[in-house]
Amino acid sequence: MKYDHKQIEPVWQKKWEEAGIFHAESNSAKPKYYALIEFPYPSGQGLHVGHPRSYTALDIVARKRRLQGYNVLYPIGWDAFGLPTENFAIKNHVHPREVTNKNVAGFKRQLKSLGISFDWSREINTTDPKYYKWTQWIFLQLFKHGLAYKKEMAVNWCTSCKCVLANEEVVNGVCERCGSEVIRKVQSQWMLKITDYAERLIKDLDLVDYPERVKTQQKNWIGRSTGAEVDFTTTTGDTLTVYTTRPDTLFGATYMVVSPEHPIIDKLSSVIKNMDEIRLYREAASRKSDFERTEVVKEKTGVRLDGIEAVNPVNGKQIPIFISDYVLMSYGTGAIMAVPAHDTRDWDFAKKFGLPIIEVVKGGEDVQKAAFTDCATGVLVNSDYLDGLSVEEAKRKITEKLTEMGKGRAKVNYKLRDWVFSRQRYWGEPIPIVYCPCCGTVPLPESELPLELPDVESYEPTDNGKSPLAKITDWVNTKCPKCGADAVRETDTMPQWAGSSWYFLRYTDPHNDEALASREALDYWTPVDWYNGGMEHTTLHLLYSRFWHKFLYDIKVVPTPEPYAKRTSHGMILGENGEKMSKSRGNVVNPDEIVNEYGADTMRLFEMFIGDFENSAPWSSNSIKGCRRFTERFYNLESIMTDEEFIRPELENKFHKTIKKVSEDIETLKFNTAIAALMTLINDIYASGSITKGELKIFTTLVSPFAPHVAEQVWSDKKLGDGFVSKSEWPSYDESKCVDEQTEIVVQVNGKVKEKINVPVDIDKDGAMSLAKGSEKIKSLIDGKNIVKEIYVPGKLINIVAK
RNA sequence: GCCGGUAUGGCGGAAUAGGCAGACGCAAGGGACUUAAAAUCCCUCGGAGUAAAAUCCGUACCGGUUCAAGUCCGGUUACCGGCACCA
């Protein structure tokens, strides 16, 4: 029979489904294994060939674990709330739910055609009220524990669309859709206090097995810095507190800068002589978009506060105060002490405004020419009692001194900011909060969850930037759950990140109406053993879900402090031209075409063979042919099978080595070399002219995680075992059979390969050396020379250094 | 600017912990089979050099350590990703 993937693949997909062999067992005595991929956002474009890279990789792991006797949970679901669906709905006047259902159906068909061993009985969807009931429940717990709060926040506002934009929708300072100017507008927003967990989110990275680059990126994002707060007194008798990581340079502070939004300006407006000028500057700063404020401003701007000065607490010197937008209200205290000699930004500003530059750390170039910022090498000068100390010593000493004086304290700061949790959008989870004129902000009772998303006429945001939900008055108007008075509902919805911050918990018990998941299910299944996903989620999704998980751990809902024991990341699949795959570049490859032309097995093999799993690799419509050939060659083994159950002695070593190699490579993400090893073995098998039944059984099992359909076909055609190969047993290898008896070692003279000799594997140095010297060629090369050194690397190489 | 990643044949890539650079696959060239083509099978395939060998060069670039460097150390460049005045 000729290999025909269209005959084979749908048949086995159906048989697997009917037999339910990929269902995770709920009450099992087996050890558990929880493999997880990032659940997809069901977009209208459908899957592209990038998606299956991650799904296939963990499918291979999941299938191998099943064969190793684990009870495996490998689930799938839909992260279905979000903007593209909503925008599509607005444009085409359809309900986002319909769009979602249609897209989910498309994705499902595509995923099923790839033969991935998901447990479809546990499928979840973040837009299902039965699911988002628990997203809302978690929000209520966060609220009750003071971790959800409202704050006036600047948002992106499109002046033409009259609507709030997400950061992703602002491109180069203009609206992505209409191209008009985006400004900052202050609105009251729900925030989540992720900053309370900053320290633990860093520290607990020690508990998990993540790639170092992921850990580093999370640490940098959280941005912990240690320093001190210093209280300056002003000539008006007020206190102005600054945060600095360089308290050692306090004697070099020659001015101060406060951010344009700093409250001290309003407080002292009657004292400041040039208030008009200050007002103008503040206004200009507030009008600037984030883009202008960070991107365009290369030259420092600012205005001096006329009529006030600050007093340096350590030397009593009076120094001027400026406002400037290079100081951010959102970090530290919104005010800084400026040490131009040792900070580049302060130096730029001081040069522009002609301010004095005093060197307090010696060891660099002339500070009048450039700031000296290296704190590892310098020695303190011009700093009274700090003189002669190293920077580190000076930091410690001055912090102690300030603490004694009551003028300062050690302080840790984080770049991480609280999570803006409100969206003025329709297609998201409604925030379960009611505003009552008497009781204030009241959480909805848990018994009233889920708070379902009502139907609306149109999904467009309102003119004043409120969510479309605000237009549905009979939904908005409600009674206060506490006192029964007339009240209104919160109309903001949650961001897309909400549903994905806990979805892996729901998979453990997806149909539970009493809890987000039962405690037994969570105790059994969590943490996730292996989570693979994209690097682009490192600082958002991965961090957000760790935060939620830690909170749920604190309130004793989940049993583990960390959600994922092991995290890995795959590289992108690029277009054939080496560029990122995108619709606009026209280089998108649709998996449907590949499955149709070559079959799912070939597709899966190629996805894994294409290159180093962790690096990006370009798609190649030529190279895939090699994987198709391998699939056919594997299938054609049927025709050369003999009935012996054993492994032929001449192939025994090769089989054991391959079992070892494939077993190990799957664990270390080296799927490409695992497949290469299978290809090498099949070449050896064909060279031998036949394959025994016993050999084919092993080979088929090894292939089955990669190319499961054809493996099942061969398994059943040749009656290699009972039932499915997917329910059989992973082959084991014998370490002693992986070593060869004879081995070729390389003989070098002065580091250059001159000869290769065959030796018994356990030969000692003397034996190998005399064999090497017995070679005519080597003899002629070292004859008459002085042998300086002889190196023997067992089983590998001899190097004779001769002069 | 800062942080992270990457750099190996015509191409994707391989090389445990410093020990034969180029496994495996693709493409290309030659041959067998065929009326022919496809498929399949066999051979060649980094560069220079040679009748063939020998030999020399070669893992982005410059330098170092070592008997031995794609791998370790110091420096440089290019590309990709993230962040962007974080005091």
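Just so it is clear, the values below take in all heavy atoms, side chains as well, and ignore hydrogens, waters and symmetry mates. So you know, we letter chains A, B, ... as the sequences are listed, proteins then strands, and number each from 1. Just so you know, these numbers come straight off a predicted model, no measurement behind them.
- A donor-acceptor contact under 3.5 Å is not formed by the side chain of A:K625 with the base of B:C26.
- A:R567 has a carboxylate O that lies under 4.0 Å from a charged side-chain N of A:E38, or vice versa, which qualifies the two as a salt bridge.
- Side-chain nitrogen and oxygen atoms of A:R629 include at least one within less than 4.0 Å of the OP1 or OP2 phosphate oxygen of B:U40.
- At the phosphate of B:G25, OP1 or OP2 sits under 4.0 Å from a side-chain N or O atom of A:N683.
- Relative orientation of the A:W497 and A:H537 rings is perpendicular, given thresholds of 30° and 60° on the angle between their planes.
- Here A:R628 does not reach the OP1 or OP2 of B:C26: none of its side-chain N or O atoms lies under 4.0 Å away.
- Distances shorter than 4.0 Å separate some side-chain N or O of A:K670 from OP1 or OP2 on B:A15.
- Within the 4.5 Å cutoff, the side chain of A:I800 has heavy atoms near those of the A:I787 side chain.
- Nucleotide B:C41 forms a Watson-Crick or G-U wobble pair with B:G31, both donor-acceptor distances falling under 3.5 Å.
- Taking only side-chain nitrogens and oxygens, A:N220 never comes nearer than 4.0 Å to OP1 or OP2 of B:C2.
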Carefully, step by step, assess A:T344 and A:D346 under the rule side-chain contact (heavy atoms from CB on, under 4.5 Å). CA-CA 5 Å; A:T344 320; A:D346 296 347; over 6 Å; no
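- Side-chain N/O atoms of A:R213 include none lying less than 4.0 angstrom from OP1 or OP2 on B:U6.
- Across all strands shown, B:U65 forms no Watson-Crick or G-U wobble pair with both key distances under 3.5 Å.
- A syn base is found at B:G9: its glycosidic angle is within 90° of 0.
- Contact check, A:K789 against B:C67: a side-chain N or O comes under 4.0 Å of OP1 or OP2.
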